[in-house]
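We use all heavy atoms of the structure for the numbers below, so side chains are in, but hydrogens, waters and symmetry mates are not.
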Amino acid sequence: MSAKDKSGRSATSVTDQEALDFHSQGRPGKLEISPTKPMATQRDLSLAYSPGVAVPVKAIAANPATAYDYTTRGNMVAVISNGTAILGLGNLGALASKPVMEGKSVLFKRFADVDSIDLEVDTEDADEFINCVRFLGPSFGGINLEDIKAPECFIIEQKLREIMDIPVFHDDQHGTAIIATAGLINALQLTGRDLKTTRLVCNGAGAAAIACVELIKSMGFAPENIIMCDTKGVIYQGRTEGMNQWKSAHAVKTDRRTLEDAMDGADVVLGLSQKGAFSEAMIRSMAEKPIIFAMANPDPEITPEEVSAIRDDAIMATGRSDYPNQVNNVLCFPYMFRGALDVHASTINEAMKIAAAEALANLAKEDVPDDVAAAYQGNRPRFGPQYIIPVPFDPRLISSIPVAVAKAAMESGVARKTLPDLAAYGRQLSARRDPIASTLQRIYERVRRQPKRIVFAEGEEVQMMRSALAYVNQELGTALLLGREQQMREMADREGIDLDRPGIQIVNARISKRTGAYTDYLYARLQRKGYLYRDAQRLINNDRNHFAACMVALGDADGMVTGITRNYSTALEDVRRCIDPKPGHRVIGVSLALCRGRTVLVADTAVHDMPSAEELADIAEEAAGLARRLGYFPRVAMLAYSTFGHPSGERSERVREAVNILDRRRVDFEYDGEMGADVALNARVMEQYPFCRLSGTANVLVMPAFHSASISTKMLQELGGSTVIGPLLVGLDKSVQIVSMAAKDSDIVNMAALAAHNAGS
């Protein structure tokens, strides 16, 4: 996802089996097709197919532009490859490229709500590839070429751009170029340099390197100040060895012949080559305040640590997420196509690329919002040498990059649709982003910066062992597996789980030196509740939830996750014997439900059976607080079967009294009720009640009882296709999360990450 790394942050810490399990579990692969219109009745089918479908068919035949109105074309991109240059693995063929192309399609949807389908073309002949793709044009609004080796990639893209009337974009080239250029704009500003006088060396002459050089030249870089090098040295005028038409276009008149010669006195070096290409002597020979973009992946031409040992005045970027200033293509391609599709662009031109680069550069200069700063655990990133490129999970990307691209398309004459209000367009884009995924990404990033020790209480279960390994592999902290070591190792050996990986610790309650301290602690809490000392001792020795909760209570761990071997209420009862609520707080369960890109928090889904008015008010406060911590501005709807007094009933009166209690407390978030779910979630229905105090549809739903909360979230999940995370346990004095007995490995890891996140709050 960087210059050539699509495997993400933990490329080196994901095991082969984890990757295979991820792609094979449930429905194989990473994509599915879901209808966007109802298909419940015969009338629905008549409208969707015969006879109703004939009407848009005739409309499109009469006016082809209406295909954008009546079909998916305006939001559909094809990701196409022949597998000749698969993310650094080389030429493994079209079929082997499918997992990568599916992944690219997922990223389109995840980051910019662009529907995408992968197409693998089984030919290495450029003309055959071109003829295959050109005739697919009516199906799509854009073509993303991927993982095609040079020089065929140049030939294919150039020809398809000439003969097709939709955007054709080779991300390996232009995505990298746009991100690198954005970072370069800001690095030049920070070092006081001018485009026209800066000396730049580009090491590498492949697709991405040539695209980078072409884009920075189009922005005003003086061609005579750019030296390109390949494995044979400087590309100079008159050189014949290893040349082609694309390299020749960037040959310069110079007497320098080696990379060492070229970098002597250079202001900027772009590395799109291989690990170790830049030596200490080369870096030392560069000008003051050098700008070094070492973008080879997975290992850069030189690491930031190596550069800092040589000089302290450099600005660096790499393709890796574990260093500042990551050149990550996911910052570009989803948003580039989003803007191009929304104006029905016929191509992606230089003006649109420059607009994207400038928008990215400008975004890095703006104050970072709280939801991005949260990932830095109080260390808010600011524009400077360590922050010249925005981070991929910045929620402002979707409302800034596509707007700039669409504007450039309209101004340069390649847009076939005009957006009259770009500010309104930006607001619409913000609403399309996937809030749960972005929230989880922020949580993961924050935990990685301050890793936590999480107890996986049911450590002898295979699911817990796999989850603990994934937690460590994703660099979230230390996983403390609680159980009998011999049994765990025997099971791990059978399942192929590496329990010796650094970061995994096995804790055996029976031989732990802390058993006495935990017993004393628990007995002090329970001695006036009918428990003898030996009862407390038995719980500590024999029950992992009690042992794990005491570990957390006494500071031997930062948080815990449990739940796959006993039901939620039983696990919560175990934990509450050891850990109290936070002073002034109420323990509740909150579920996050995502359906079609919209997220709501539902409370209480775990603890209170039939809450009183006072308890409902407490639940509203706890849920609103969680919403804030997750980066949302809470708008709380107090739900009931009635809406603002009709029909009347005892249970609705309890909800109305809860609203009155919140009034008296003068809480600092939006709330209102009682109201039905349709009023809370449908803006048009809410408009029928102009006195409603919510400024928009609710994102926090307080249910009148546990049974309604549980039933509704499960129905959403099973019938509505929603993603439901949780219940998240809120209000305890220490960080504990309880999963369902049916939880998958990924669910457990998410909850462990949430436990780690809450431990740092």
*Residues two or more places apart in sequence or in another chain: which of them pass salt bridge (charged side-chain N to carboxylate O under 4.0 Å, His left out) with Glu102?*
Lys98

*Just jot down the side-chain hydrogen bond (donor to acceptor under 3.5 Å, both in side chains) partners of Ser346, sequence neighbours excluded, or say none.*
none

_Please enumerate all residues that pass side-chain contact (heavy atoms from CB on, under 4.5 Å) together with Thr41, with sequence neighbours excluded._
Arg43, Asp44

Please report, to 0.1 Å, the donor-acceptor pairs under 3.5 Å made by any side chain of residues 133-141, with sequence neighbours excluded.
none

*Quick one: side-chain contact (heavy atoms from CB on, under 4.5 Å) partners of Ile497, sequence neighbours excluded?*
Val462, Met465, Arg466, Leu469, Ala492, Glu495, Leu499

*asked:* Just so I know, are the side chains of Glu146 and Met101 near enough to count as touching, which here means a heavy-atom distance under 4.5 Å?
replied: yes

*asked:* Is it true that, when you exclude Lys149 itself, more than 12 heavy atoms of the residues, nucleotides or ligands shown sit nearer than 6.0 Å to its NZ?
replied: yes

*Got a sec, which residues hit side-chain hydrogen bond (donor to acceptor under 3.5 Å, both in side chains) with Asn699, two or more places apart in sequence or on another chain?*
none

*Leu145 vs Leu160 side-chain heavy atoms within contact, under 4.5 Å*: yes

*Going by atom types alone, do Thr123 and Asp125 pair a side-chain donor with an acceptor below 3.5 Å?*
no

_Those residues that, when tested against Arg27, pass side-chain hydrogen bond (donor to acceptor under 3.5 Å, both in side chains) (two or more places apart)_ = Glu32

*Give a yes or no on whether a salt bridge exists between Arg338 and Asp342, defined as a side-chain N under 4.0 angstrom from a carboxylate O.*
yes

*asked:* Going by side-chain hydrogen bond (donor to acceptor under 3.5 Å, both in side chains), name the residues that satisfy it together with Asn91, two or more places apart in sequence or in a different chain.
replied: Glu124

*Can you list the residues that meet the salt bridge (charged side-chain N to carboxylate O under 4.0 Å, His left out) rule with Lys744, with sequence neighbours excluded?*
Asp747

*asked:* Can you tell me how the ring of His174 sits relative to the ring of Phe169, calling it parallel under 30°, perpendicular over 60° and tilted otherwise?
replied: tilted

*Listed by chain and number, what are the side-chain contact (heavy atoms from CB on, under 4.5 Å) partners of Ala468, not counting sequence neighbours?*
Phe456, Ala479, Leu481

*asked:* I want to check something: taking the side chain as every heavy atom from C-beta on, are Ile748 and Met464 in contact at a cut-off of under 4.5 Å?
replied: yes

_Set of ring pair (Phe, Tyr, Trp, His ring centres under 6.0 Å) partners for Phe154, sequence neighbours left out_ = Trp246

_Partners passing side-chain contact (heavy atoms from CB on, under 4.5 Å) against Ala404 (at least two apart in sequence or in another chain)_ = Ala355, Ala359

